[in-house]
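Since the structure comes first, as structure tokens, the remarks are kept for the end.
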Amino acid sequence: MLDLKFVRDNADRITRMLQDRRLDMDLTPLLDLDQKRRRVLKEVEELKYLRNTASEEISRLKREKTDASDRIEEMRQVSQRIKALDQDLSAVDQEFSDFLLLIPNMPHESVPVGSDENDNRLVKKWGTPPTFDFDPKPHWEIGESLGILDFERAAKMTGARFALYWGMGAALERALITFMLDVHTSRHGYTEVLPPFMVNSTSLVGTGQLPKFKEDLFKLEGRDYYLVPTAEVPVTNIHAGEILDEEQLPRLYTAFTPCFRSEAGSYGKDTRGLIRQHQFNKVELVKLSRPETSYQELESLLSNAETILQELGLHYRVVVLCTGDMGFSASKTYDIEVWLPGQNTYREISSCSNFEDFQARRANIRFRRKGQSKTELVHTLNGSGLAVGRTLVAILENYQQPDGTVVVPPVLRPYLSNTEKIAKV
RNA sequence: GGAGAGAUGGCCGAGUCGGCUGAAGGCGCUCGCCUGCUAAGCGAGUGUAGGGUCAAAAGCUCUACCGAGGGUUCGAAUCCCUCUCUCUCCGCCA
């Protein structure tokens with residue numbers, strides 16, 4: 001959510017931002033609502049002042065055993081008027097905040113203006129793609145022939161876009177989760193948390209998934225509980241409504257959770273393999289920082305995520321998303337795209353964003369500087385560190401051998417009883 | 001699932017038959033004084049949000065907030081209803 005005062009004074013900048021994000025949205029209803037809101041607020045507050053002073057007078061008259069029925073009758077009228085105005089006000093308020101919650105964040109000045117992923121800007125490449133003297137296969141073929149990935153049975157027990165992992169496949173997924181958490185906690189200073197895998201709607205409004213992207217979520221019937229689409233939601237909301245001390249910043253959290261996404265609107269896309277599932281595992285990195293350091297924190301968050309790929313020896317590139325491709329809540333986003341030789345393409349494996357104070361305002365996460373009385377909003381950041389399923393995909397495709405086996409990257413072997421190679425059992 | 005108890009400011013805790021209680025008292029914290037140092041003592045201050053005023057900030061001022069929402073009333077932390085959460089006991093259960 002944007003700052004109300006900023007919206008009032010910068011309607012033109014917001015209009016330009018909406019164009020940059022390729023959104024069709026008219027701001028005038030919001031500004032009209034704001035004026036109306038303040039008009040009604042002023043009137044109702046004046047009446048409440050009148051009522052409060054009269055109340056004291058009535059109280060005094062009663063103590064003096066004087067008749068106060070005239071004043072009481074008068075206030076009866078005033079109170080009715082207040083009640084009516086209060087109802088108007090809360091209706092306007094509701095409409096107003098509903099609108100405000102639909103306005104996306106302002107992109108950082110360093111973000112390139114563009115329409116879609118073709119306008120994203122390449123930041124860097126790391127490593128080199130492996131070479132093969134045979135045709136590298138896509139991971140679903142590798143996984144199925146090794147007997148470690150089973151899409152057919154997952155479809156039987158649940159449906160499309162689910163996977164059943166067997167044996168070394170399941171173990172590899174688990175090894176990756178543990179490896180990632182170990183690196184982030186022991187080397188990057190993050191505190192590990194294990195949050196609930198369901199959250200309420202308030203939390204989802206806090207991070208920006210609601211109210212606009214309801215159709216992307218799985219909701220429990222008859223309850224205000226949603227399956228988490230990412231650990232970003234519960235973890236960012238850890239400090240919702242709190243005022244932190246300056247010394248407590250930055251806070252660094254890492255969490256493993258499964259993620260559940262309805263993938264509405266992506267019918268027919270990535271139907272094969274693990275790339276686009278309704279349920280996938282992810283290790284997430286979340287930071288709460290002071291405003292003046294948040295862009296440094298974004299850079300280090302990105303490099304924390306990169307470390308995992310480097311340790312695994314996987315070639316990747318980093319792009320900065322353009323205005324048209326960036327998420328609703330983000331000010332700036334880097335995507336890390338890993339090389340997948342089986343599909344001859346780069347695929348997103350991590351997305352690292354600075355949300356500045358956009359989520360903090362929605363979730364009401366503040367801090368107080370030492371010796372200051374004013375509170376300020378923190379900046380929130382998060383990034384995948386990494387998407388586990390896609391990492392497993394990358395390992396299968398990059399480490400496949402001519403004989404159909406897959407070599408285990410050395411850093412993972414301690415987590416897999418020193419297994420060096422995955423072969424068909 | 002059944003029965004009961006509770007939710008007040010950073011924390012503890014008081015609020016009588018509804019009426020100067022944004023909220024006593026204590027602790028903590030901040031500033032000042034005092035004091036070889038520390039401790040103690042003395043004095044003052046110490047919530048959040050929104051509106052108005054102001055070029056802006058400061059200041060001044062108003063409104064709201066005693067778990068959340070609604071109701072009764074001229075007036076609600078105090079009375080009534082609904083919900084949420086916490087705790088205790090019983091039942092069930094990984």
Side-chain angles (χ1 to χ4, degrees), chain A residues 1-10 30-101 194-206 210 219-220 222-226 234 237-249 258 357-378:
Chain A
M1 189 162 71
L2 297 176
D3 178 38
L4 181 53
K5 294 195 180 87
F6 176 81
V7 174
R8 274 179 201 146
D9 301 339
N10 296 280
L30 182 78
L31 299 171
D32 291 347
L33 280 167
D34 180 42
Q35 294 224 328
K36 185 174 177 194
R37 184 178 150 272
R38 278 194 283 176
R39 200 175 60 235
V40 179
L41 189 63
K42 188 154 186 272
E43 188 182 352
V44 78
E45 286 191 350
E46 280 165 4
L47 287 175
K48 281 180 178 173
Y49 175 62
L50 181 66
R51 183 177 72 183
N52 286 346
T53 48
S55 233
E56 283 170 28
E57 192 190 333
I58 291 167
S59 165
R60 203 192 66 238
L61 290 174
K62 290 221 165 183
R63 255 181 282 118
E64 291 166 358
K65 309 278 186 227
T66 315
D67 179 59
S69 48
D70 287 355
R71 298 293 281 151
I72 289 175
E73 182 49 39
E74 201 181 318
M75 284 308 112
R76 201 192 304 273
Q77 309 298 325
V78 171
S79 274
Q80 272 174 19
R81 176 79 183 137
I82 289 174
K83 203 169 183 178
L85 284 173
D86 262 341
Q87 279 174 7
D88 286 357
L89 187 64
S90 69
V92 174
D93 250 344
Q94 185 65 47
E95 216 181 322
F96 180 77
S97 62
D98 285 354
F99 198 116
L100 199 57
L101 285 171
L194 182 62
F197 298 165
M198 297 181 209
V199 288
N200 59 33
S201 54
T202 303
S203 296
L204 286 156
V205 170
L210 286 180
K219 183 178 191 300
L220 266 71
R223 315 199 50 152
D224 185 37
Y225 290 165
Y226 295 79
N237 278 287
I238 287 174
H239 296 293
E242 297 183 13
I243 301 173
L244 302 167
D245 292 331
E246 185 180 13
E247 309 89 86
Q248 293 179 277
L249 297 175
D357 61 12
F358 188 84
Q359 294 181 324
R361 188 172 293 107
R362 294 165 82 106
N364 197 20
I365 311 168
R366 292 168 296 173
F367 77 103
R368 205 190 310 270
R369 293 186 196 272
K370 207 166 172 49
Q372 298 260 307
S373 62
K374 282 303 272 182
T375 59
E376 293 176 54
L377 295 164
V378 302

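Source: prediction; values computed, not measured.
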Quick note, A:Tyr225 side chain, CB onward, closest among B:G52, B:A64, B:C85 is B:C85

If I take atom CD in residue A:Glu56 and atom P in nucleotide B:C62, what distance separates them, rounded to the nearest angstrom?
11 Å

Considering only side-chain heavy atoms of A:Asn52, which listed nucleotide, B:G51, B:U63, B:C74, is closest?
B:U63

Looking at the side chain of A:Arg368, which of B:U48, B:G52, B:C62 is the nearest nucleotide?
B:U48

Hey, which sits more toward the 5' end of RNA chain B by its nearest nucleotide, A:Ile243 or A:Gln87?
A:Ile243

Could you give the distance separating B:U72 and B:C81 at their C1' atoms, to the nearest angstrom?
11 Å

Side chains of A:Asp98 and A:Gln94: is there a donor and an acceptor less than 3.5 Å apart?
yes

Using side-chain heavy atoms (C-beta onward) and a distance below 4.5 Å, is A:Val78 in contact with A:Met75?
yes

Map A:Ser90 and A:Arg71 onto RNA chain B by nearest heavy atom, then report which one ends up closer to the 5' terminus.
A:Ser90

I'd like to know if the side chain of A:Ser203 pairs up with that of A:Asn200 as donor and acceptor (distance under 3.5 Å, no hydrogens or angles considered).
yes

On the nucleotide B:G75, are OP1 or OP2 found under 4.0 Å from the side-chain N or O atoms that A:Ser79 carries?
yes

Nearest to the A:Arg76 side chain among B:U48, B:U73, B:A64, which nucleotide is it?
B:U73

Keeping A:Ser59 on the side-chain end and A:Ser55 on the backbone end, is there a donor-acceptor pair under 3.5 Å?
no

Of all the nucleotides listed (B:A64, B:G52, B:C62), which has the minimum atom distance to the side chain of A:Glu45?
B:C62

Give the nucleotide from the list B:A64, B:G19, B:A49 with an atom nearest to the side chain of A:Arg366.
B:A49

